[in-house]
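Index from 1, following the sequence.
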Amino acid sequence: MPYNNELVAELNLLVKFPMHSDLEGIKVRTDAAPELVDAAKRLYAKGLVTQEDGGYLTFSGHQAVEHAKSALRILTGKIAS
């Protein structure tokens, strides 16, 4: 299945989450770009974040972020990060 605009928005939002702490999350404000607001809601529905507006990563969310950031490093040629 190829990436579509919704999946890209979700991946872009996921890679904004910090991986180094379970005590840090993000909040997508209601005045943010509509694609980010919708992406946060979809990530919540998928069980990857704790709140519809972001919140914290769940265990599955941590795994998704790890893989998303790895793919991004490989695709951008920044493997040593």
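Residues Y3 and V8 approach most closely at CB-CG2, 4.1 Å, considering heavy atoms. What you find for S60 and G47 is that their closest heavy atoms are CB-O, 4.3 Å. K69 and P18 get closest at one heavy-atom pair: NZ-CA, 4.5 Å. What you find for V28 and A40 is that their closest heavy atoms are CG2-CB, 4.0 Å.
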Please report the C-alpha distance between I26 and L13 in whole Å, then the side-chain angles of each, then the deciding distance to 0.1 Å, and finally whether the side-chain contact (heavy atoms from CB on, under 4.5 Å) criterion is met.
-> CA-CA 9 Å; I26 63 170; L13 185 55; 3.4 Å; yes
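Hydrophobic clustering keeps L72 apart from F17 (ILVMFWY residues linked when any side-chain heavy atoms are closer than 4.5 Å, directly or through intermediates). Hydrophobic clustering, with ILVMFWY side chains joined whenever heavy atoms are under 4.5 angstrom apart, keeps V65 apart from V15.
Note that CG of L43 and CG of L11 are 8.5 Å apart. Values are rounded to the nearest 0.5 Å. Of the inter-residue distances, the one linking Y56 atom OH with L23 atom CG reads 7.0 Å to the nearest 0.5 angstrom. To the nearest 0.5 Å, atoms CG (L36) and CZ (R29) are separated by 12.5 Å. In this structure, CG in L14 is found 12.5 Å from CD in E66, a value given to the nearest 0.5 Å.
Residues L57 and T50 have side chains not in contact (no heavy-atom distance under 4.5 Å, counting atoms from C-beta outward).
Other residues, nucleotides and ligands place no more than 12 heavy atoms under 6.0 Å from the NZ atom of K16. The 12-atom threshold is exceeded at CG of N4, counting heavy atoms of other residues, nucleotides or ligands nearer than 6.0 Å.
Side-chain N or O atoms of R42 include one that pairs as donor or acceptor with a backbone N or O of E6 at under 3.5 Å. When atom types are taken as modelled, the side chain of T58 and the backbone of L48 share a donor-acceptor pair closer than 3.5 angstrom.
Comment: E52 does not engage K41 in a salt bridge, judged by the lack of any side-chain N to carboxylate O separation of less than 4.0 angstrom.
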